[in-house]
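A short write-up of the structure that comes next.
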Amino acid sequence: MAGKPTPLSGFPELLPEQRIVEQQVVDTLRHTFELYGFGGIETRAVEPLDQLLRKGDTSKEVYLLRRLHEESAEGHAGMGLHFDLTVPFARYVLENAGKLEFPFRRHQIQKAWRGERPQEGRFREFTQADIDIVGRDALPFHHDVEVTRVMVDALTRLTFLPGFRLQVNNRKLIQGFYAGLGIDTGDEVMRLVDKLDKLPVEKVRELLVSEAGVDEATADRVLSLAEIRTADATEVARLVGDLGVDHPLLAEGVDELTRLLDGVADLVGDRVRVEADLSIARGLDYYTGTVFETRLAGYESLGSICSGGRYDSLASDGRTTYPGVGLSFGVSRVIVPLMARTGLAADRSVPSVVLVALTGEDSRPASDAVATALRSRDIPCEVAPSAAKFGKQIRTAERRGIPFVWFVQPDGTHQVKDIRDGNQVDADPAAWTPSAHDLRPTIVSTEPPTEEQHP
RNA sequence: GUGGGCGUAGCUCAGCUGGUAGAGCAUCGCGUUGUGGUCGCGAGGGUCGCGGGUUCAAGUCCCGUCGCUCACCCCA
């Protein structure tokens with residue numbers, strides 16, 4: 001009954017050379033977030049069940065905590081693992097409202113858990129990286145622009161990943177447009193429009209008529225709005241205006257969306273684009289203004305890999321309301337499929353840039369001394385595990401992707417060999433330094449496949 | 001939760017209408033006795049997911065079960 005353990009579906013684990021990729025993604029995100037003054041927090045893994053279930057009928061996706069010796073009538077402890085970082089954050093804000101400075105900005109990079117059936121990019125245990133800004137009673141719109149700028153900057157710095165396309169819309173714009181058309185089933189219409197990336201337009205038109213009860217002319221105008229897509233801030237007002245609908249909320253939404261595109265224009269580039277996409281709505285729940293989705297170039301079937309938006313009531317204690325705006329980047333969702341599909345990984349499986357060769361166990365102190373000298377100058381290195389033949393020691397380095405092997409010569413001098421080109425030179429343990437490029441593992445960047453290309 | 005596909009060596013897989021288990025890559029050794037990669041030769045490695053059934057005989061057929069996987073549902 002011994003046998004090899006098998007992987008647990010939905011609980012991905014990485015090899016060392018893959019974990020390096022994940023850590024570099026997380027390090028880059030954190031570094032960028034902190035450049036903008038977002039401090040980090042970590043919340044506990046569990047929340048009371050009533051907190052987790054406030055947002056709807058998702059109880060079946062929550063992992064419950066239960067003692068083996070559970071005796072309560074419910075059969076569980078009344079606690080569950082959090083399924084995102086927003087709900088725990090909202091609770092944290094309320095709990096610590098008296099001690100926090102508002103507007104409060106934080107980043108949070110943690111695991112989350114969902115009991116759903118795993119698929120590519122969708123796991124039961126996964127890592128997310130969130131930024132949010134929360135105000136007390138009010139939160140000016142410029143913060144919507146700010147979080148977008150932070151995330152665009154962060155994505156831009158993930159140079160070893162494919163490009164990103166951030167799609168932005170605004171709930172006020174949609175709701176104002178629907179109100180201007182006299183639609184009174186706005187939520188239902190929005191939910192159907194949100195399916196445009198899965199169902200053909202004709203099908204959605206049918207559903208709008210049959211399920212949302214709008215007439216065909218109205219359905220066509222709803223779809224015309226949803227077809228609007230532009231990266232040009234000045235185009236938004238013109239394209240929406242051409243549809244001839246008038247409503248104060250619509251005007252407000254157009255203005256916000258325009259300001260947002262304007263506000264990030266200087267940061268966008270080839271790898272990270274931002275565009276207005278008026279079909280984006282996000283799940284119905286609590287977004288009230290700006291909404292975001294993000295596609296990974298060449299991996300559109302993964303769906304949105306970085307989402308978020310504005311919620312006028314992220315949290316409320318009954319007396320005070322805390323509006324927020326934020327974005328959530330799906331770390332696992334992006335990197336695990338890339339590793340599976342393209343072999344994305346670091347060029348070595350260990351941090352070491354040098355393997356110090358070993359001539360014999362009696363000379364291990366001499367090799368250790370070399371390693372100590374290198375480490376004192378922040379050069380990661382390791383000493384060979386055994387005094388095997390030098391050919392084997394070199395092979396050990398090669399298999400781990402370590403680029404340099406260090407030899408202590410019989411006369412006590414030193415040489416270091418770059419095993420990639422075979423070049424071997426005299427070196428001083430107190431002075432030799434690898435190139436900055438070699439010092440840390442490098443991620444082999446991935447080119448997007450050209451086949452995939454859809455919504 | 002529903003439906004399909006697949007479980008054979010470390011990995012990728014072959015194995016026909018049942019007849020005692022294979023390849024490539026990887027690993028280890030030797031050629032080359034302290035400077036790798038190429039090349040050549042050789043070796044090790046398997047309760048064929050698990051349980052039951054049919055049969056003289058099951059990796060192969062049947063039933064069950066577990067796992068993985070894809071799609072649907074869902075996606076706060």
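All chains are named by letter (A, B, ...) in the order of the sequence lines, taking the proteins before the strands, and each is independently numbered beginning at 1.
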Sugar-phosphate, base or nothing in reach of A:L358, heavy atoms under 4.0 Å: base
Whichever of A:K195 and A:G360 has the more 5' nearest nucleotide on RNA chain B, that residue is A:G360
Between the side chains of A:Q128 and A:S328, is a donor N or O closer than 3.5 angstrom to an acceptor N or O?
yes
Taken to the nearest whole Å, CG/A:D418 to P/B:G36 is 16 Å
- In terms of side-chain geometry, is the basic nitrogen of A:E382 or A:R400 positioned less than 4.0 Å from the acidic oxygen of its partner? yes
Subject >> Lys/Arg N to Asp/Glu carboxylate O, A:R149 vs A:E146, below 4.0 Å >> reply: no
ask   = Could one point to a donor on the side chain of A:Q119 or the base of B:U69 with an acceptor on the other under 3.5 Å away?
value = no
Self-check item: Sub-6.0 Å ring centroid separation between A:F102 and A:Y322
Solution: yes
Annotated structure of RNA chain B as dot-bracket, pair cut-off 3.5 Å, Watson-Crick or G-U only, | for inter-strand, is (((((((..((((.....[..)))).(((((.......))))).....(((((..]....))))))))))))....
Q.
Under 4.0 Å, heavy atoms only, any strand: does A:G422 hit a base, just the sugar-phosphate, or nothing?
A. base
Flag the pair A:K172 and A:E252 as a salt bridge only when some basic side-chain nitrogen lies within less than 4.0 angstrom of an acidic carboxylate oxygen. yes
From the list A:D144, A:L260, A:N169, side-chain contact (heavy atoms from CB on, under 4.5 Å) partner of A:F292 resolves to A:L260
Value for CG (A:L29) from CG (A:D153), rounded to nearest 0.5 Å, stands at 10.5 Å
Rounded to whole Å, the CD-P distance (A:E120 to B:C68) equals 17 Å
Taking for A:E398 and for A:P7 the nucleotide of RNA chain B with the nearest heavy atom, the one nearer the 5' end belongs to A:E398
Open item on the list: So that I can tick it off, tell me whether A:R364 and A:E361 are bridged by a salt bridge, with the cut-off set at under 4.0 angstrom between side-chain N and carboxylate O.
Closed with: yes
- Message: Does the structure show A:F83 stacking with B:A76, if we require the centres to be closer than 5.5 Å and the planes to be within less than 30 degrees of parallel?
- Response: yes
In whole angstroms, the gap separating C1' of B:G36 from CH2 of A:W406 amounts to 19 Å
Next on the checklist: Using a 4.0 Å heavy-atom cut-off, does A:K392 contact any base of the nucleic acid, only the sugar-phosphate backbone, or nothing at all?
Outcome noted: sugar-phosphate
Sorted by chain and number, sequence neighbours left out, side-chain contact (heavy atoms from CB on, under 4.5 Å) with A:E211 holds for A:E188, A:R191, A:L192, A:L207
Contact check, residues 121-137 of chain A vs RNA chain B, heavy-atom distance under 4.0 Å, returns A:R122
